[in-house]
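Chain A is the first sequence line, chain B the second, and so forth, proteins listed ahead of strands; every chain is numbered from 1.
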Amino acid sequence: MRIYNTLSSREEEFQPQGDVLTMYVCGVTPYAECHLGHAMSYIVFDMVRRYLEYRGYKVKHVQNFTDIDDKIIKRAQELNVPSTEVAEKFIAQYFADMDELNVQRAEVYPRATEEVPKIIEVIQGLVDRGHAYEAKGDVYFRVSSDADYGKLSHQSLDSLQAGARVEVGVEKEHPLDFALWKAAKPGEPWWQSPWGRGRPGWHIECTAMSLRHLGETLDIHGGGQDLIFPHHENEIAQSESFTGTVPFVRFWMHNGLVQLEGEKMSKSLGILVTIRETLARFSPDAIRLFILSSHYRGPVSFSEDGLTAAEKGMERLRQAAKADGGAGADWQPGAIDAGAFRQRFVDAMDADFNSAQALAALFDLAREINRSISQRVGVEEGQRTLLELGRVLGFTFEDRDVRLGADPFVGLLISVRADLRAKKEWQLADSIRRRLKDLGVALEDSPQGTSWKYDRPSG
RNA sequence: GGCGGCGUUGCCAAGUGGUUAAGGCGAGGGUCUGCAAAACCCUUAUGCAGCGGUUCGAAUCCGCUCGCCGCCUCCA
């Protein structure tokens, strides 16, 4: 299979280096609720992981929580609670959101605050090797000591510097030197270190965690495109300078960013739509279908209409996967060439996870299933394949809102209505159907009887 | 200023040199149905921002122009 590598700016043939494929995905800084940008990134890498596993690789997936950081501290001070409380709250929220989106859990979720000894060890090593220096209790990485700094973002030190804002009053040798360790200000959480009381800088935790949990060279490191610079660039600089092992990461994968009304969603701009709000109105599968309908490296614009269209499309897949395929005596044996659809799916996904093209194969398979059913031709294998491939993309195929608990009452109404229909009391029967529809329950009559489903109004 | 991305049918979106430009949503017509719904069938881009160029042949390669966006500062 081929994967696009940000480092080389092109697709490369992918093979893991060992028996276990190592994959590190940058996690959240838990200081606020997750928004659709997070949904995008974690659904994309969930799809990546599921497909890698489907292709037979054993994947070890590690994802961090940066649970100590300026924004968390600020939030904690605003709320007048310990910063750990803020972090814990939003970590729990993160898991709740991701579970609902059917994102598989990583093997390990290291937290920055639990990796401080390793972080200090790495920083000390960088200082010892001349790659870092202490200044008034802060420790900075010396970018000039890294010959190929800028290789991920494809920028030279000079060109980066031209656009960079220089922080004032900071004791840095070079404007692009970045903090590995920050001295504690009064009232801030701190850990004891060789440079006094302080806390880790932003980038160092990922280096420490990936070294500890996955080794010196990772197969895949993922995150949003907004992390390419400075975060991932700095991770490379730290990690390779510390270990002397190149490359730190073999394949850098970056998902495109979510746009809202043409502009990037940004926490700092305050434009954000949370995952929770979106899940209140659209099914997890629809959100996932929407995201996977376009290539993961491109930008995505969420919209009301787009999500509604995705919900409809998802309903089509659900319907085909679960339709009564009939095992009656008058049914012909199945004739769908499931293998051909599977092959199309695999070919698409092998080409840098072209989920949009893979989905086209699923929709074609769904049509083939429906067509067979109408001809009373068996579809067991077709449906099995649709479910199998859909689950590789992370779809649950679950009906929405099953938890509403209205089932027995709907059943009762359907039964009453069946009696009315038998007596050709169409007006009353139609009235029941229409009023249930208004309540979000759609009835579908067929020769086999009446079925129903929740039809969530999109407003 | 530097780096990068994008511009394909009403909307979303695949397709990166060669028979009829995927798929979804929407729209129109038909089949089925008591009527609906769902499903199925048919129709819906001689054209891929514009202008040049390379080629037997380009949406696909090259150049230029226009427009939109991201990163270079916290961000998935």
Side-chain angles (χ1 to χ4, degrees), chain A residues 6 9 25-29 31-32 34-45 66 69-71 74 150 153-156 158-167 176 202 222-231 233 254-259 262-269 272 289-290 293-295 297-301 303 305-317 319-320 323 344 348 351 354-364 366-367 369-375 421 424-427 429-430 433-434 437 442-447 450-453 455:
Chain A
T6 306
S9 303
V25 178
C26 275
V28 295
T29 299
Y31 76 100
C34 290
H35 58 235
L36 290 175
H38 299 112
M40 165 89 181
S41 193
Y42 298 118
I43 285 175
V44 162
F45 286 104
T66 302
D69 152 282
D70 290 349
K71 294 187 291 295
K74 182 163 171 258
S153 51
H154 308 292
Q155 295 264 30
S156 69
D158 287 345
S159 63
L160 280 167
Q161 196 173 348
R165 277 183 221 165
V166 182
E167 295 168 69
L176 289 170
W202 175 31
Q225 281 170 354
D226 52 350
L227 296 181
I228 294 172
F229 191 90
H231 187 54
E233 194 72 70
H254 293 97
N255 63 274
L257 303 179
V258 167
Q259 326 242 140
E263 299 205 350
K264 191 187 113 178
M265 277 195 28
S266 165
K267 289 193 236 185
S268 47
L269 286 176
L272 60 93
L289 176 63
F290 183 81
S293 289
S294 57
H295 191 89
R297 280 189 285 115
V300 164
S301 270
S303 70
D305 290 351
L307 283 167
T308 302
E311 191 76 80
K312 291 266 179 59
M314 195 59 225
E315 188 54 32
R316 188 175 164 76
L317 293 179
Q319 195 94 18
R344 272 176 68 192
N354 192 332
S355 54
Q357 214 163 62
L359 277 167
L362 295 195
F363 277 102
D364 283 342
R367 170 173 294 115
I369 288 169
N370 287 327
R371 192 182 324 206
S372 293
I373 290 173
S374 64
Q375 292 165 358
R421 292 181 70 218
K424 300 206 189 303
E425 304 242 13
W426 307 123
Q427 275 204 334
D430 288 355
R433 183 173 59 196
R434 182 162 22 82
K437 173 82 174 170
L443 302 190
E444 292 174 11
D445 297 325
S446 77
T450 299
S451 65
W452 66 279
K453 64 187 180 192
D455 181 32

Identity of whatever pairs with B:U44 - Watson-Crick or G-U, under 3.5 angstrom: B:G26
Heavy-atom side-chain proximity of A:R421 to A:W426 below 4.5 angstrom: yes
Over all atoms of both residues, closest heavy-atom pair of A:L362 and A:L317: O-CD2, 3.9 Å
Rounded C1' spacing from B:A39 to B:U33 in Å: 12 Å
Same-atom distance (P) from B:A14 to B:C51, integer angstrom: 25 Å
Selection from B:G34, B:U73, B:G70 that lies nearest to any side-chain heavy atom of A:D445: B:G34
Watson-Crick/G-U partner (both atom distances under 3.5 Å) of B:G63: B:C51
Counterpart base for B:C3, defined by Watson-Crick or G-U wobble contacts under 3.5 Å: B:G70
Footprint string (nucleotides 21-30 of chain B, 5' to 3'): B base within contact, S backbone only, - free, heavy atoms under 4.0 Å: -BSSSS----
A:K424 NZ to B:G34 C1', straight-line distance once rounded to whole Å: 7 Å
Nearest to side-chain heavy atoms of A:D430, which nucleotide of B:C40, B:A76, B:G34: B:G34
Considering all heavy atoms, the nearest A:L160-A:L176 contact: CB-CD1, 3.6 Å
Nearest-0.5 Å distance that lies between atom NE2 in A:H295 and atom CG in A:N255: 10.5 Å
Short side-chain N/O contact from A:N354 to OP1 or OP2 of B:A14, under 4.0 Å: no
Comparing A:S374 and A:G298 on RNA chain B - which has the more 5′ nearest nucleotide: A:G298
Phosphate OP1/OP2 of B:C41: any A:R371 side-chain N/O under 4.0 Å: yes
Enumerate all atom pairs, one protein N or O and one N or O from nucleotides 2-4 of chain B, separated by less than 3.5 Å.
unit_1 : atom_1 : unit_2 : atom_2 : d
B:G2   : O2'    : A:Q155 : OE1    : 3.1
B:G2   : N2     : A:Q155 : NE2    : 2.7
B:G2   : N3     : A:Q155 : NE2    : 3.3
B:C3   : O4'    : A:Q155 : OE1    : 3.4
B:C3   : O4'    : A:Q155 : NE2    : 3.4
B:C3   : O2'    : A:S153 : O      : 3.2

Pi stacking test for A:Y42 and B:A76: under 5.5 Å apart, planes under 30°: no
Smallest separation among heavy atoms of A:Q225 and A:H254, with atom names: CG-CB, 3.7 Å
Position toward the 5' end of RNA chain B (nearest nucleotide), A:F229 or A:A429: A:A429
